[in-house]
Each structure stands twice: as structure tokens, then as C-alpha cells.
There are 2 protein chains.
Amino acid sequence: MSAVESTRTLAEDLAGAGEVITDPDVLEAYRRDQAAPGLLRAGVPAALVRPTTTAQVQAAVRAAAAHGVPVVPRGAGSGLSGGANALDGCVVVSLERMDRIVELDAAGLTATVQPGVVNAALGTAAAAEGLWYAPDPASREFSTIGGNIATNAGGLCCVKYGVTRDALLTCEVVLADGRAVRVGHRTRKGVAGYDLAGLVCGSEGTLGIVTEATLRLLPAQPRASTLAATFSSLVEAGEAVAAIVRRVRPSMLELLDRATLQAVQELEPLGYEDDVEAVLFARSDAGPEAGPREIALMQELCDAAGATLSVVSDDPEEGRMITAARQLAYPALERKGTTLLDDVAVPLPQVPALLAGVEAIAVEHDVLIGTFGHAGDGNMHPTVVYDHRDDDQVRRARAAFDAIVALALSLGGTVSGEHGVGLLKTDHLDAELGDARALGRAIKDAWDPAGTMNPGKAI
Amino acid sequence: MSAVESTRTLAEDLAGAGEVITDPDVLEAYRRDQAAPGLLRAGVPAALVRPTTTAQVQAAVRAAAAHGVPVVPRGAGSGLSGGANALDGCVVVSLERMDRIVELDAAGLTATVQPGVVNAALGTAAAAEGLWYAPDPASREFSTIGGNIATNAGGLCCVKYGVTRDALLTCEVVLADGRAVRVGHRTRKGVAGYDLAGLVCGSEGTLGIVTEATLRLLPAQPRASTLAATFSSLVEAGEAVAAIVRRVRPSMLELLDRATLQAVQELEPLGYEDDVEAVLFARSDAGPEAGPREIALMQELCDAAGATLSVVSDDPEEGRMITAARQLAYPALERKGTTLLDDVAVPLPQVPALLAGVEAIAVEHDVLIGTFGHAGDGNMHPTVVYDHRDDDQVRRARAAFDAIVALALSLGGTVSGEHGVGLLKTDHLDAELGDARALGRAIKDAWDPAGTMNPGKAI
């Protein structure tokens, strides 16, 4: 059988999977996610399907299984680790049309959604009921809940409210053999059976495709008070972070370094002094009286740690203004070249060592690295900026990236705090996981013996 | 080979496992946990070991594997589902002597402990650093962290702060083949590899034995304001719960019913009126200004829902006084007979239906059932009281218990919110989990192909 005939047969078998697309121009747009342009392989899919129902997802998975081709699930394609990159001859299952909020149970504080619902759309629906969906990845305006679950996405407020896993109660998963199985519990607590919902969360489509999820909502978040503080030393900024998290629970605690600040100021002059080595941004959402008190305490702790300047505001609009540099961090770095965004996390006391080490790596490999991220969780995004048309720069960028990952591991950290492993970090897994990698692999083999579900990713 | 020779050989092989005990009198004390006295099987172990190191746990597991006998791990033996009940010929591995706090990293907000550390002892050590270990099962004064992890224990404050899984960052697990493997991440966030720490948490020793764990600490909890409110109808109490959780995040939201209150008042007259059908207890730990404001709002919501009486206090000592009935709930029921403590959870809107259904079950089966528990999580403990020497009462108690579980499932709930499945609930798993049960079983088979780790429990 020739390859063409084989593809045609697959397309026929995909008839039950909803919209089936084999137009090469369309397929091209579904070959990769947002990770490291030019550095990660992205195959040519045999077909793209855009199902609208669980039954159609099952049909797609069964057709792929019958033809022995891989299935690559995909949300908004906004992932940052290549988890949604296509494999040659695969079926890409885009969940973008499964974008229905099935139920918003305000009394039960839950939302049941299809995987293609955009994070911010769920937030809007929850807000209409006076409720709140906490996980807030930077991509929340376009990333989908299915993708958030696949990567166990974090965000700014997870320093206080946890990551996607903490919001996921139960989900329906289409397994490699085409069965749709519900894992987890509709209840807010539940220990019957192993924690399979937690296992599926962050598995990047390698165990199955999430086709529906019930998520926990919270009462609307009180309006926040905000702090910005500058430091002339990374160590002092790190000391401020340590002092803050030991005393209060900020709803945001972010940091950016000198290189990032410089890129930001090139894009939009915000008046930061030249001697600023780090800026810290914090929020408290403890409420009308406690919020301002918490933020005042954080300011005191920053000042005690040696802040060169600190400002606070209890007005949300002003709060957005004094944290503008944080919002501009990644866009400002992106403007300077192609970006290779890292996502390491270290134990809290190691944050200053991580930042200092990244600075040294930038010098050693002669690349620009801007670092920003979730200091309160020890989860930072050192971002290597390079010109992807310059082979030498590509080589140096990649070397710097690997050095950052090695540095994080040497500090007791992890290669990925919230973006996922995808294709980007698989080479580093042995160094981090040791024997645990094989334990994960054993689960993969047990659930997907033929290995058709997003193979080569995550584990 | 006779059974006696076989046992002797096992005992010899256990030489590397630390203290080895085969004295039948001592073994007798290690045959069961606190679950359902007289209703669950408890075998006669071949030996008990009380290791002090991971290497000794490994030696015990290897010896058991070599002899093909089951391993039953055990913390304080305070479990409520039979998860620690012995199996005939097994090796009981009691972790009680592995009770060392290995490291309390105040700057990193983590504690690394051996599994035998008592929950409250960790709390005391954390408090000495101005920190707090949040998970607070009712058993916290005697239950161990290892046991808490094995059951994914909940508690009173998990309505706001999550369960044991939410506090567990990484742990070392001795697997069925004797390997010691570290799963999870030392960092506060981490998505490299599957969430194996979450998988181990709640697996009741069926996947391995936790020999060390690193747990997340929080800043010290602010002192709490407290509310108690009485209702003359379960529905109104349920409405109050629903109204509260939709507006604020109490650090405790507990309920007890008329039967429990009556038992409490028999033990200690607290002056509750005869028409009280339910009492609600709530706390806010939002801080010096916000706490009293939150608790005042909760009081308003209770009053609006029809509370017959409501009292609040911002004084911790007074707070303990007005919640005395909650502390006395289980002791008061225990005093009236043997107790069969259930642990179902339902979606929040179903709490009144659960309570009403339990009352009907008590009438139908002619047994006393007192219900109390974590209303804010929908996790209730209907407690059947019976005389274990009366066969007919035992039969009726068991029937009532099964009816409660079936009721919870019919309301979209789970058979266990926080106590675990153990031996007590395995018969109900198919009804709840469906195909997901086989998915859990596949993991068990992959990690423990010979099935020696606490077989017959949990899944």
C-alpha cells in the first residue's frame, strides 16, 4: 500500500470525527505551538480533525489507533514547550470547537466545560455569577482550559491559589483505545481510588485527551492592593521575597531583572533608575482593610531588605500602572529577537543564586537573557533572546538555555515549573527524575500500550 | 517446607529491617486500625518490623517480596477504613520509629520529615519558626504524616487550605521491588514528569511505602473569629452553607445534626434548644480587621437563611467555647455504642438532601445515626451507633452504612471524602469509579506486579 492510499484510508476512517482536513495549507498552521521557533521538530500531520463532541474525539482516536498513527491533541496552540507539535503522519485533534461551557453551577461552585473553552471566557462566565476561576496563566486571553489541564498551567495568582491541578475536580478522558472514562470526583474532596485526575493533569495528552472538565470556582476575588519595589542587588530582592512569603500570602509576587527592565524601558520609558538590578511586584487581595495592611507590611519588608524605592496603591487602575513593567516584560524581550523562554523553578532560598547564575550564563555564552517570573513560587522565566537566522547565535542560545536548566537542577530545582516538558525538556528529564521517569513510563505503557497518544512528549 | 520453617526464614531475612517482632501478644496490637471494630477482617501477621531508616524499610519489603508475603505499612494505626489492617502471614511495617523531622527550612517554607512524625509535632515545630502546617485531621494529635499521606487526609481547615496532597511537594517511596525512589518536586511548582507524588498520596500503601516527605508550610495562621448558628431546618442550614461559600472563604465550616447534638448534650448540657435541627460552626482567619468582618457577613447570611440563633466571637478562647459541640460530636456518639463512621462527600448543593436522606435511613433501619462534618466541602460523617455484641444491630448498622454510601453516590457524591477506602469501601468502588477503577488497577499492576504492597486495599 502506498503512503497516499494509506492516508486516504485514514481520512475515510476519520469520517466520524467531525470536520476532517487534509489541505496542506491548513495543516501547516497546525504543525507547531509557540515553543522555541526553529529549534524543535514539527512533523507533517496526515490529517487534522476539529471535533465538537466526545464521540467524535473517540472516533478520531480509534481511527488513528487502527492505522497505527500518533494522535496529537491541541488546544489554542499557545503552549511553550512543543507539546502540541505535530508528528509525521499523525492525526492532530484540535479541540478548538469544543468550546462550550456545559454548566456553571453557582451553588456548587463548579464549572463544567469542554476543553476548548478559553480560560478568560470561563473567567467571564464565573464573574457573571459573582465567582472566580483562579488559575491565570499569562496566556489566559487565548489559551484553553484543555491546554491548561494538559500542562497543569500556573500563573500569577497561583502563589496563593494553586495551579490548574488544584482547580480540577473531575474530567472525562478519551484513552488510547477510544474509551471515554471519567476520572476524579465531582465533589470538592474525594479519595476513592487513585488520584487519576491529578495524574492526567500535566500529562500533556500522553495519557489521553480531556474532553470535558469540572473545575472548582471561588468567590469573586476582592480588589487588590499593589506594591512595586526596586532593588540595587539581586540578593536584597531575594531577601525581600523570602521575608514576604514567610509573613503573608501575597496573591502575586513577581520579579524582573535588569536585562528585562532595560528591554521594557526601550519599549516604553517608565522612569526606572539605571542602578536597578531587580523590581518586585506584589499584590494582596485580602480585602478592603486587610489588603492595604498586608501590602504595607510587604512594603516595610522590602524597605528593610534594602529597596531603593517602593510604591503602593490600593487603587486597581493605579496598581496596573505601577506593575506595567511586568506586563511588558515578555513583549519587550520578544521585540528584541527570537525568544527561547525557559521555565525553571528552584526552592525559594535559591532564587537569588538562580538569578545571579543566569547573569553569569548570559556573559559566558554572550547572549541576552532577560529574567522575570513568579518569584514567590521560585518559578522564573529566563528568556534567551537571539537571531534565529544566525546559526552561531542559535547555537549559543541553545547552550545558554541548557546551562540554565542545569543550573536550576544543581540548585535543587525543576526543569519546568508550569510550561511543561513537551519536546523542549525531554533531554533533561533523566537528570531531574532519575528512577521516577521509569515509573511514569510504566503508567504510560499501561494506559497506552501502542504508544499512540502524543508520543515522545512530556515523559 | 512447613509454615513454621517458612516463617522462621522470613524472620531471618528480615534481619536488615531493624527491630523484628514475632511475639503474638505484640502482633495482636498491630492487627487493625480504628475502623469499624468487628466488621472488617484483620489477619495475623507473620512479623512486625519497626524500622528507623529507609534502608531498613527496603530490607523489609525485599524480604517480604522474596517470601511472596504481603507488606502492610502502618503509621499510628488511627485510620478509619481498615487500610492498615493486617493480612494473614504479612509483614507489618510500622513507621512509628521513623519520627524525625529531618529539616525545617523556614526560608524555603518546607519541612522534610520521616513518615512517623505526628501531625501535631510538625505543627509545633513549624510554629516555633512562625510557620504553619495546614492539614489538620481530627486525629492530628496522634496520626502520623505518613498515614496522612497514605489516606490524603483532610481536616477542618481544608475547606480553605486544601488537603494533604496540596501540602505534599516530594516524597521518597520504597516500591514493591525494594527500590527507594523520589517522586514529586522540592519546588513549590513543578510539572516535569507525571504527578507521581499526587498519585502516591492517597494510595494507602498499595503503590509503596513513603519513607520521607517534604511538605509545604505557610505563614502562621492569623487568629480566628468564630461563628455558631442554630437552625430549625436542615434545608435552611444547607442554604446558609451555600450562601457562605459563595461569598467568602471560611477557614472552617462545620455542621452537626440533631442526633449528634442530642448525644453531645447527654454528655455535656450546652443549652441548645430542643427544636435545633442543625448547628453550623464557622471560622474566619482573614486577620484582625477582615476576620471579624467576614464572620459578621457569615452571621448575616445565617440569619438571612433562617438561623434561630447565632453568636460570634473574635476571642479564640470564646471561639472554642461556642464550638464545643463540634469537638464533642464524635466522642459523644462513641459513648453511646460502637460506631461505624462514614465519610461520604457530595456536591455542595446536595448537602441538605444528604442529611435528610440519612435521617430517613436511620428510621428505616432503626439505628441511631449522628451526622457531623465538613459542610463547606460537602464532606459529612454520618456515624452509625450500634451494639457490636448484638448480631441484629450489627446487621442493621451495616445495612444503614451501605444505604448512606448508596445515597451519596445517587447524589453525585463519593464513597470517601478523606478517610480512604481501605477495606471498608472497596465493595462500593465499582459503583463510583466505573472504568476508572481498571485504570487505577493498571497502575498498581505496573508498579507492583506481584501484588505484595497492601493488597486488597484502596482500589
Side-chain angles (χ1 to χ4, degrees), chain A residues 107-109 151-152 154 163 166 179 181-183 185-196 198-199 201-203 219 242 245-249 286-287 289-290 345-349 377-379 412-418 420-421 429 432-433 435-437 439-440 442-443 446-447 459, chain B residues 107-109 151-152 154 163 166 179 181-183 185-196 198-199 201-203 219 242 245-249 286-287 289-290 345-349 377-379 412-418 420-421 429 432-433 435-437 439-440 442-443 446-447 459:
Chain A
L109 283 97
T151 56
N152 189 14
V163 292
D166 298 302
R179 270 182 307 158
V181 177
R182 182 160 290 281
V183 295
H185 308 273
R186 284 193 71 86
T187 49
R188 289 156 74 95
K189 286 161 74 181
V191 295
Y194 296 151
D195 178 18
L196 303 183
L199 180 69
C201 192
S203 66
V245 296
R246 196 166 164 167
R247 293 286 296 281
V248 290
R249 302 197 67 200
E289 301 98 3
V346 294
L348 286 180
D377 279 321
N379 178 203
T414 176
V415 304
S416 182
E418 59 178 10
V421 167
L429 283 183
E432 176 169 348
L433 300 181
D435 284 349
R437 191 175 185 188
L439 288 177
I443 295 171
W447 284 27
I459 58 159
Chain B
L109 283 96
T151 55
N152 189 15
V163 291
D166 299 302
R179 272 182 306 158
V181 177
R182 181 161 291 281
V183 296
H185 308 273
R186 284 193 70 86
T187 49
R188 287 155 74 94
K189 285 160 74 180
V191 295
Y194 296 151
D195 178 18
L196 303 184
L199 181 68
C201 192
S203 66
V245 296
R246 197 167 165 167
R247 293 287 295 280
V248 290
R249 301 197 68 201
E289 301 97 4
V346 294
L348 287 179
D377 279 322
N379 178 201
T414 176
V415 304
S416 181
E418 59 177 10
V421 168
L429 283 181
E432 175 168 350
L433 301 180
D435 284 349
R437 191 175 185 188
L439 288 177
I443 295 171
W447 284 27
I459 58 158

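Computed from heavy atoms alone, side chains included, the values below leave out hydrogens, waters and symmetry copies. Every chain is numbered from 1, with letters handed out A, B, ... down the list of sequences. These numbers were taken from a predicted model, which means no experiment stands behind them.
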Student: Could you tell me which of B:Leu429, B:Val421, B:Asp377 has the largest number of non-hydrogen atom pairs under 4.5 Å with chain A?
Tutor: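 Ranked by contacts with chain A, first place is B:Asp377.
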
Student: Tell me, out of A:Arg179, A:Arg188, A:Arg182, who's got the most heavy-atom pairs with chain B below 4.5 Å.
Tutor: A:Arg188

Student: Where is the tightest heavy-atom contact between B:Val245 and A:Pro219, given as atom of each residue plus distance?
Tutor: O-CG, 3.2 Å

Student: Given heavy-atom pairs under 4.5 angstrom as the criterion, report whether the side chain, backbone, both or neither of A:Asn379 touches chain B.
Tutor: side chain

Student: Return the CG to CG distance between A:Asp166 and B:Asp166, rounded to the nearest 0.5 Å.
Tutor: 5.0 Å

Student: How many angstroms lie between atom CD1 of B:Ile443 and atom CH2 of A:Trp447, to the nearest 0.5 angstrom?
Tutor: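 If we round to the nearest 0.5 Å, B:Ile443:CD1 and A:Trp447:CH2 are 5.0 Å apart.
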
Student: I need the residue from B:Val163, B:Asp435, B:Val248 with the largest number of non-hydrogen atom pairs under 4.5 Å to chain A.
Tutor: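 The option with the most such pairs is B:Asp435.
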
Student: Name the option with the most non-hydrogen atom pairs under 4.5 Å to chain B; the candidates are A:Pro349, A:Ala442, A:Ala446.
Tutor: A:Pro349

Student: Does B:Arg247 have more than 12 heavy atoms from other residues, nucleotides or ligands lying within 6.0 Å of its CZ?
Tutor: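 No - once you tally the heavy atoms of other residues, nucleotides and ligands closer than 6.0 Å, there are 12 at most.
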
Student: Side chain, backbone, both or neither: which part of A:Glu418 has an atom under 4.5 Å from a heavy atom of chain B?
Tutor: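 Contact with chain B involves both backbone and side-chain atoms of A:Glu418.
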
Student: Going from CG on B:Leu199 to CG on A:Leu196, what distance comes out if it is rounded to the nearest 0.5 angstrom?
Tutor: 7.5 Å

Student: Non-hydrogen atoms of chain A under 4.5 Å away: do they reach the side chain of B:Ala345, the backbone, both or neither?
Tutor: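 B:Ala345 touches chain A through backbone and side-chain heavy atoms alike.
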
Student: Chain B: which of A:Asn152, A:Thr187, A:Val415, A:Leu348 shares the most heavy-atom pairs with it under 4.5 Å?
Tutor: A:Thr187

Student: In terms of heavy-atom pairs under 4.5 Å with chain B, which of A:Val183, A:Leu109, A:Thr151 leads?
Tutor: A:Leu109

Student: Based on non-hydrogen pairs under 4.5 Å, which of B:Gly193, B:Gly417, B:Ser416 is most in contact with chain A?
Tutor: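 Counting heavy-atom pairs under 4.5 Å, the top option is B:Gly417.
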
Student: With sequence neighbours left out, write down each residue that passes salt bridge (Lys or Arg N to Asp or Glu O under 4.0 Å) with A:Arg249, or none if nothing qualifies.
Tutor: none

Student: With chain B as the partner, which of A:Gly202, A:Ala242, A:Ala286, A:Ser203 has the greatest number of non-hydrogen pairs under 4.5 Å?
Tutor: A:Ser203

Student: For residues B:Thr414 and A:Lys189, report the shortest heavy-atom separation together with the two atoms involved.
Tutor: CG2-O, 3.7 Å

Student: Please flag which part of A:Leu439 lies under 4.5 Å from any non-hydrogen atom of chain B: side chain, backbone, both or neither.
Tutor: both

Student: Taking all heavy atoms of A:Ala290 and all of B:Ala290, pick out the closest pair and write down the distance.
Tutor: CB-CB, 3.7 Å

Student: Under 4.5 Å from any heavy atom of chain B, what part of A:Ala192 do you find: side chain, backbone, both or neither?
Tutor: both

Student: Between B:Arg246 and chain A, which part of the residue has a heavy atom less than 4.5 Å away: side chain, backbone, both or neither?
Tutor: both

